[in-house]
Amino acid sequence: NAGVTQTPKFRILKIGQSMTLQCTQDMNHNYMYWYRQDPGMGLKLIYYSVGAGITDKGEVPNGYNVSRSTTEDFPLRLELAAPSQTSVYFCASSYPIVGPMNTEAFFGQGTRLTVV
Amino acid sequence: ILNVEQSPQSLHVQEGDSTNFTCSFPSSNFYALHWYRWETAKSPEALFVMTLNGDEKKKGRISATLNTKEGYSYLYIKGSQPEDSATYLCAFSAGGTSYGKLTFGQGTILTVHP
């Protein structure tokens, strides 16, 4: 059981480039999340989704876009990379579609992104 | 903006000491309060998810309490060990019109010295 899988693990982008961070989960979870980790700030919510076709902004959505066309996948798009987007990004999922109601979140291994 | 606040920001204790941290959160639109343990170079892992006012949960030497009416939760570690060194995060799981939203505090960094 793979859980939550993020790719890539590391990436260096030039200012103005675009990229997509991939996230997929095989736990049949309704909810999926994207966070960024900034030093001393814990995890900041970028976007979240409560099901396929539904997405909503978190605390720091500017500069990012998401889509949720399937239950399993929740990609995060950076259109015009800026140095302020240098961070470690974590994808997470929770809330099984079938079974007990449980909002415990399971995290991917993170993507370290540097924008130069 | 949802404010989830944790204190202290960091804590240094000696092996064998007992310690506790605080998480404060909004008392409206509450669905659940989570505690996570986050070791360096790893991903956060859940310790507890609590939903009811007055809930108390325990896992080994770690326990947590919940007060939803006043909007706070405590995490306790009894007899700290060096392997307890980690960042401890709390997270507020919203209900109502923001259902599904999971907002984290900034974390408490615990260092246990041998």
Side-chain angles (χ1 to χ4, degrees), chain A residues 2-6 9-10 23 25 27 29-61 66 68 71 74 88-97 100-112, chain B residues 1-11 21 23-26 29-52 55 57 59 64 66 86-110:
Chain A
V4 180
T5 303
Q6 288 182 237
K9 287 188 168 49
F10 306 94
C23 177
Q25 54 92 7
M27 294 177 285
H29 281 168
N30 266 320
Y31 298 172
M32 295 188 75
Y33 307 89
W34 274 106
Y35 295 92
R36 56 178 287 171
Q37 176 197 4
D38 294 321
M41 302 294 287
L43 294 169
K44 291 292 188 186
L45 181 63
I46 305 171
Y47 271 95
Y48 69 104
S49 167
V50 297
I54 306 169
T55 63
D56 213 340
K57 294 178 181 178
E59 303 164 89
V60 290
V66 293
R68 184 100 181 265
T71 299
F74 190 42
V88 181
Y89 291 83
F90 286 94
C91 179
S93 72
S94 74
Y95 205 100
I97 291 172
M101 291 168 61
N102 182 359
T103 55
E104 173 186 340
F106 294 82
F107 286 81
Q109 292 304 302
T111 296
R112 185 175 293 276
Chain B
I1 295 179
L2 228 54
N3 286 325
V4 181
E5 302 287 342
Q6 290 187 245
S7 63
Q9 188 171 353
S10 65
L11 198 53
F21 325 131
C23 174
S24 64
F25 54 87
N29 276 347
F30 176 86
Y31 182 80
L33 191 283
H34 303 210
W35 281 100
Y36 292 81
R37 173 189 159 85
W38 193 6
E39 293 180 71
T40 304
K42 294 188 177 180
S43 301
E45 292 186 349
L47 288 169
F48 306 112
V49 178
M50 296 182 287
T51 56
L52 298 176
D55 254 356
K57 299 242 177 175
K59 187 182 287 188
L66 178 66
T87 298
Y88 291 83
L89 296 168
C90 71
F92 173 83
S93 180
T97 54
S98 297
Y99 79 94
K101 189 172 186 179
L102 186 64
T103 303
F104 283 81
Q106 74 275 37
T108 293
I109 303 170
L110 173 67

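Letters go in sequence order (proteins before strands), and every chain restarts at 1.
- With a threshold of 4.5 angstrom between heavy atoms, B:Leu89 approaches chain A through side-chain atoms but not through N, CA, C or O.
- Few gaps surround CD on B:Glu39; more than 12 heavy atoms of other groups in view lie less than 6.0 Å from it.
- Of the listed residues (B:Gly105, B:Pro44, B:Ala91, B:Ser98), the one with the most heavy-atom contacts under 4.5 Å to chain A is B:Pro44.
- Proximity to chain A is absent for every atom of B:Phe48, based on heavy atoms less than 4.5 angstrom apart.
- Contacts between A:Tyr35 and chain B at a heavy-atom distance below 4.5 Å involve the side chain alone, from C-beta outward.
- Although no hydrogens or angles enter the test, the distance criterion places no donor-acceptor pair under 3.5 Å between the side chain of A:Ser94 and the main chain of A:Tyr31.
- Neither the backbone nor the side chain of B:Glu45 comes within contact range of chain A; no heavy atoms are under 4.5 Å apart.
- Not one N or O on the side chain of A:Gln25 forms a donor-acceptor pair closer than 3.5 Å with the backbone of A:Phe74.
- Between chain B and the options A:Thr103, A:Val4, A:Asn30, heavy-atom pairs under 4.5 Å are most frequent for A:Thr103.
- Contacts between A:Leu43 and chain B at a heavy-atom distance below 4.5 Å involve backbone atoms as well as side-chain atoms.
- Not a single donor-acceptor pair under 3.5 Å links the side chain of B:Glu5 to the backbone N or O of B:Ser24.
- Between A:Phe107 and B:Trp38, a ring centre-to-centre spacing not shorter than 6.0 Å is recorded.
- No donor-acceptor pair closer than 3.5 Å links the side chain of B:Lys57 to the backbone N or O of B:Met50.
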